[in-house]
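A short write-up of the structure that comes next.
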Amino acid sequence: MKAIRGYVIFLAISATLSITLCRLSFHPFVLFLSCFYFIFLYIRSNRFLFKLCITTFLLYIGIYVCTDQINHSKLKKGDFTSVSTIVGIPSLDGNSLRFNVKTKEKEEVIASYIIKRKEEKEKLRTLKPGDTCLLVGELVEPKAPTMPHAFDYKQYLYDHHIHWKFNVEQIDHCQSSSGDMYTSLLRIRMNGLQFIENHYSKESIGVVQALLFGERSSLQQEIESAYQQLGIVHLLAISGLHVGLLVGGIYFLFIYFGLTHEKTKLIMICVLPLYIIMTGAAPSVIRASLMVILYFTLKLIKRDEIPLDVISVTYLFLLAVNPYYLFQVGFQLSFAVSFGLLLSATIITSGSNQLIRLLLVSFISQVCSLPLLIYHFYEFSFVSLIMNMLFVPFYSFVILPLAIFSYLVELTTSLGEPLIHLFNFLLESSHHVVLFVSSLSFMTITTGRPTLLFLIIYLVGLFYLFKEMEAHIHVKGLLKAVLPFLLCGLIQFFTIFMNPNGQVLTLDVGQGDSIFIKMPYRNGTYLIDTGGRVTFPQESWQISSKPFSLVESITMPYLKSIGVTKLTGLILTHGDYDHIGEALHLMDRIKIEHLIIPKEFARGDLEREILTVAKEKDIKIVVLEAGDVWNETGLPFHAVSPSVLTESKNDDSLVLLSKIGGLTWLFTGDAEIKSEKKMLQTFPNMKIDVLKLGHHGSKGSTSEELLDITLPSLAIVSAGYQNRYQHPHQEVVDKLIARNIPLLRTDLDGSILYKFKGDVGTFHAHPPYDEVSKEK
C-alpha cells in the first residue's frame, strides 16, 4: 500500500466518475471525460495505481447498480392502511403534521396529515420517534419537477430510499415504546429542539437548533436567504470546522482532568457515531466525524497517514455505503472545500502571518465552492470573501461556544437566562448586518446555471489557479493565477446576453396564471401575472410559520437559473388573487422597470397596495385599454380589452395580443365570453396562432365564436392539478377537440416552454407528471 500513499485521491476521482456516469445513464461527455482521465493516468502514473483506479471505477459502478437494484418499493398506489412506526422527528407547523414512518412491510414513507381541531393538535404534539400508530390514507407517487432547473423532490426522496407520499386521513391507536438506542437518541434530539424552542427568541431558535442539532427547518426564510446570498450559509449548519472545534475543546478538557490521550481518543471514537445521529447525520458532520474517527484510530495503532489519504478513504467509504451521497449539495460542498484546503496546504502555510493565512483559507474555500454554488444557487456575492473572514471567526469563537454554553447552563441549572439574552442580542445584531449587506443588490452577481462543459472549464481553471499560487505567492503571481478563473466566469456571465434564443414559459403555479417572456439577447423580460394561492380564513393555531411562496419556490429560482435579475415589465391582467397574489413579494425580490395594468385596476385593497409600493419603488405605471400599444423594447403588446368597463374583474381583464417567435399570441387573463364578444366586435379580423385559454378554461370562457374567428393552432391553459373547479371544463376541451386544436395544460404537462430562435421555435412540456403521462 506504500505505493499509493498520497494518491488515494485518484481512487476517489475514479469512484466519482463511475457514479456520475451511472446517474447520467452513460452520458457521452462524462464517458469521454472518464476515458481521457484513464489515458492520462496510464501515461503519467505507475501501472499499479492505474490498475487500482480501473478496479475502483468498475467496483463503484457495481455498487451503484446494486444499490439501484434494491432501491424499489413493494407497496402499491392507492388506499393504504398500516400500523406504522415513526422513524423521524415529527414536524408540526400550523395545522400540518409531517413525519416519516416505517410500514409493516419495513418500507419508509413520508406521511402528511391535516389536523382538524385544536385539541387534536395538542394531542399530536406528544408523538415522538418510536411510537406506533394506525394510519389510514392514500399512497401517492411523489411528482417530478414541473419547472426547468427546479429542485427534484422525487429524486431527493428516491436517493433516501423513499418512494411514496402517504396522505394520511386518520390517525388512531398511537402507542409509545421504549425503542432501541437509535430511537432513544432521536428522542433526546427532539427534546433538545423543543427546549430551544421554549427558551430562545424567535430570531435565535433556528440558528441554535442548526448549530447544536443540525436542524434547519426553523430558520427564518429571510435570514437563510440572506446568508446564502452572501456565501456564508454554511455557518448555519454543523460544518467540519464546528466538529473540529467541539472535538478539540472536549479533548482538551478530558486531558486537563487527567485522562490519557489513548483513553480520550477511544472515548471520542465511541461517542462520535452517537453525535452523528444526534445532529441529523448531515453530510458535513458525517465527513468530519469519520475523518476524526479514522485519524484517532490510526494514532491508536501507531500509524501516521497523510491527511489527504484520510479524507479520500472517508470519501470512498461513504460512497460505498451510499453512492447517492454524491448528489447531495451538502456532501459536494463539504468535500470540495476540504479537498481544496488540503491540496493547497503549502499555499496556506506560506502566509507570513495569521491574518494572511486566514485570508488564504477563506479565499481557497470560496473558489473551491464557487462552481457548486453557481450550479445549485445560480449566484455569488462579491463580499463573500470578506463576510467569511469576519463571520467565520465570529461564529466559531463567539456564537457557537455561547450557544453551547447557554444551552447547557439553562438545561442543567435554569440559570442561563442572562447568557441567552446576550446570545440573542449578538445573534440578532449579526443578522441585521447580514440583511443590510445582502440588500445591496450590486454586491451579488446572478450567473444562471452553468452547463456541464462550463463546470469542467471551471475545474481546469481552479487547477491552474492552485498551481500558479504554489509557484507565485506574490501579488503579481496571484493576479496571473486568478485571471483565467475570472475570465471563465465573465464569459459565462456574458453568454446570457449573447443568447440568440428567446422563450415563452407558462409557469406551473397551480390554480393561477403566470407567463414569463424572454426575448433574444435579453432584449426585454416580461412576466404576465404572478400566480397566487387562494387561502381561506384560518384560526391562529392553523397558520403555518413558513407559508408557501410561489415567488420563493418557483418564480425566483427559475429566473435566477437563467440569469434574469430584472423585469422590463410586470403585467397584471386584473385583481384576482390567483393572478396577482405574489406581486408584492415579487416586487421585493427583483427589480421591475414597468408595471402594466388595465384601466380601473385598483378595485380592492391588494391592488391599491401594489400601486402604492410601485410608486415607492419608482416603478413606471402604464395603464392600457383596448386599442393601446405598449412597446418598450421592440416587442409590441396590443391591448384588445378592456374597452367598456363592467362590474366584473374577469371581464375587464387586460387582454394582450403580441407576435413572439414567429407566432401570434393572445394572452386573455380571466376574460370571459362577454369580454370575448366585445373584442371580436372591435377587432373582427384578429387571427392568432396560440390562445391562452381565459379563466383557466372555465365553461364561461373560450366561446365557439372566438375559436372560429381567431383560428388558433394551439391552446394553452394554466390550471391546478386535480383542482376543485375541474378546470379546464370538458365543454371547452370538447370545443378544441372538434376543431383539431391541440391543448397543452399545466395540470397534466407541467410548465410549457416555447423556445425560439428568429421566427422558428418548439414547444416543450417540462416534464409531464409521471402518473398523468401514463393515463394520457
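Side-chain atoms are counted along with the backbone in the values below, which use heavy atoms only and exclude waters and symmetry mates. Because the structure is a prediction, the values reported are computed rather than measured.
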For Lys265 and Tyr295, run side chain to side chain contact (heavy atoms under 4.5 Å, CB included): C-alpha distance rounded to whole Å, both residues' side-chain angles, the deciding distance at 0.1 Å, then the answer.
-> CA-CA 9 Å; Lys265 290 184 179 72; Tyr295 176 78; 5.7 Å; no
Under the side chain to side chain contact (heavy atoms under 4.5 Å, CB included) criterion, do Val313 and Val310 qualify, and how do the steps go?
-> CA-CA 5 Å; Val313 170; Val310 173; over 6 Å; no
Checking side chain to side chain contact (heavy atoms under 4.5 Å, CB included) for the pair Phe26/Leu21: CA distance, chi angles, key distance, verdict?
-> CA-CA 5 Å; Phe26 290 83; Leu21 196 62; 3.6 Å; yes
I would like to know whether Asp68 and Tyr324 meet side chain to side chain contact (heavy atoms under 4.5 Å, CB included); could you show each step before the answer?
-> CA-CA 10 Å; Asp68 247 11; Tyr324 300 146; 2.4 Å; yes
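Rounding to the nearest 0.5 angstrom, the gap separating the OH atom in Tyr182 from the CG atom in Leu186 is 4.5 Å. Interatomic distance, OH of Tyr158 versus NE2 of His72, reported as 10.0 Å (0.5 Å rounding). A distance of 11.5 Å separates CD1 in Ile554 from CG in Leu559, rounded to the nearest 0.5 Å. Put simply, CD1 on Ile496 and OG1 on Thr446 are 8.0 Å apart, with the number rounded to the nearest 0.5 Å. Note that CG of Leu41 and CD1 of Ile13 are 8.0 Å apart. Values are rounded to the nearest 0.5 Å. Distance NE2/His764 to CG/Leu505: 11.0 Å, rounded to 0.5 Å.
Annotation: His261 is in aromatic contact with Tyr251 [ring centroid separation under 6.0 Å]. Aromatic pair Phe335/Phe331: centroids less than 6.0 angstrom apart.
Scored by the side-chain hydrogen bond (donor to acceptor under 3.5 Å, both in side chains) test, Ser338 finds Arg287 as partners (sequence neighbours excluded).
Inter-residue side-chain proximity for Ile562 and Gln503 is flagged as met; some heavy-atom pair is nearer than 4.5 Å. Residues His161 and Thr67 have side chains in contact (heavy-atom distance under 4.5 Å, counting atoms from C-beta outward). Between Lys518 and Asn501, the closest side-chain pair of non-hydrogen atoms is not below 4.5 Å. The side-chain heavy atoms of His163 and Leu75, taken from C-beta on, include no pair separated by under 4.5 Å. Residues Ile63 and Leu319 fail the side-chain proximity criterion, which asks for heavy atoms closer than 4.5 Å. Proximity of Phe339 to Cys368: side-chain heavy atoms (C-beta onward) are nowhere separated by under 4.5 Å. Residues Thr16 and Tyr60 form no side-chain contact, since every pair of their non-hydrogen atoms from C-beta on lies 4.5 Å or further apart. Considering only heavy atoms from C-beta on, Lys165 comes within 4.5 Å of Ile110 through its side chain.
Not one N or O on the side chain of Tyr37 forms a donor-acceptor pair closer than 3.5 Å with the backbone of Leu17. A donor-acceptor pair under 3.5 Å is absent between the side-chain atoms of Asn100 and the main chain of Glu108, judged by distance alone. In this structure, Glu379 contributes its side chain and Thr447 its backbone to no donor-acceptor pair below 3.5 Å. In this structure, the side chain of Thr451 engages the main chain of Phe454 through a donor-acceptor pair within 3.5 Å. The main-chain N or O of Glu224 is never found under 3.5 Å from a side-chain atom of Arg216 such that the two would form a donor-acceptor pair. Between the side chain of Ser751 and the main chain of Thr146, a donor-acceptor pair closer than 3.5 Å is present. Distance alone, capped at 3.5 Å, is enough to place a donor-acceptor pair between the Arg189 side chain and the Met278 backbone. In terms of modelled atom types and a separation under 3.5 Å, the side chain of His27 and the main chain of Phe29 share a donor-acceptor contact.
A tilted orientation is assigned to the rings of His149 and Tyr378, their planes being inclined by 30° to 60°. Between Phe151 and Tyr156, the ring-plane angle classifies as tilted under the 30° and 60° cut-offs.
Salt-bridge annotation for Glu107 and Lys74: absent, with no side-chain N of the basic residue lying under 4.0 Å from a carboxylate O of the acidic one.
When all heavy atoms of Met498 and Tyr521 are compared, the closest pair comes out as O-CE2, 3.5 Å. Residue Val361 comes nearest to Ser365 through the heavy atom pair O-OG, 2.8 Å, listed as atom of the first residue, atom of the second, then distance. The two atoms that bring Lys154 and Lys143 nearest to each other are CB-O, 3.6 Å, heavy atoms only. Ile374 and Pro371 get closest at one heavy-atom pair: CG1-O, 3.4 Å. Nearest approach of Leu318 to Leu290, heavy atoms of both residues: CD2-CD1, 3.4 Å. Listed here is the closest heavy atom pair of Gly750 and Asp508: C-CB, 4.2 Å.
A cation-pi contact, defined as under 6.0 Å to the ring centre and within 45° of the axis, links Arg47 to Tyr42.
Heavy atoms from other residues, nucleotides or ligands lying under 6.0 Å from CE of Met181 number 12 at most. Environment of CZ in Phe497: crowded, with over 12 heavy atoms of neighbouring residues, nucleotides or ligands closer than 6.0 Å. Counted within 6.0 Å of CZ on Phe57, heavy atoms from surrounding residues, nucleotides or ligands total more than 12; the atom is thus considered enclosed. Within 6.0 Å of OH on Tyr153 lie more than 12 heavy atoms contributed by other residues, nucleotides or ligands.
For the residue pair Gln229 / Thr444, a side-chain donor-acceptor distance below 3.5 Å is found, with atom types taken as modelled.
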All N/O donor-acceptor pairs, side-chain side in residues 381-395, below 3.5 Å, sequence neighbours left out:
residue : atom : partner : partner atom : Å
Ser381  : OG   : Val383  : N            : 3.2
Ser381  : OG   : Met443  : O            : 3.3
Ser384  : OG   : Leu230  : O            : 3.2
Ser384  : OG   : Gln366  : OE1          : 2.4
Ser384  : OG   : Asn388  : ND2          : 3.4
Asn388  : OD1  : His234  : NE2          : 2.7
Asn388  : ND2  : Gly231  : O            : 3.3
Asn388  : ND2  : Ser384  : O            : 2.8
Tyr395  : OH   : Tyr227  : OH           : 2.8

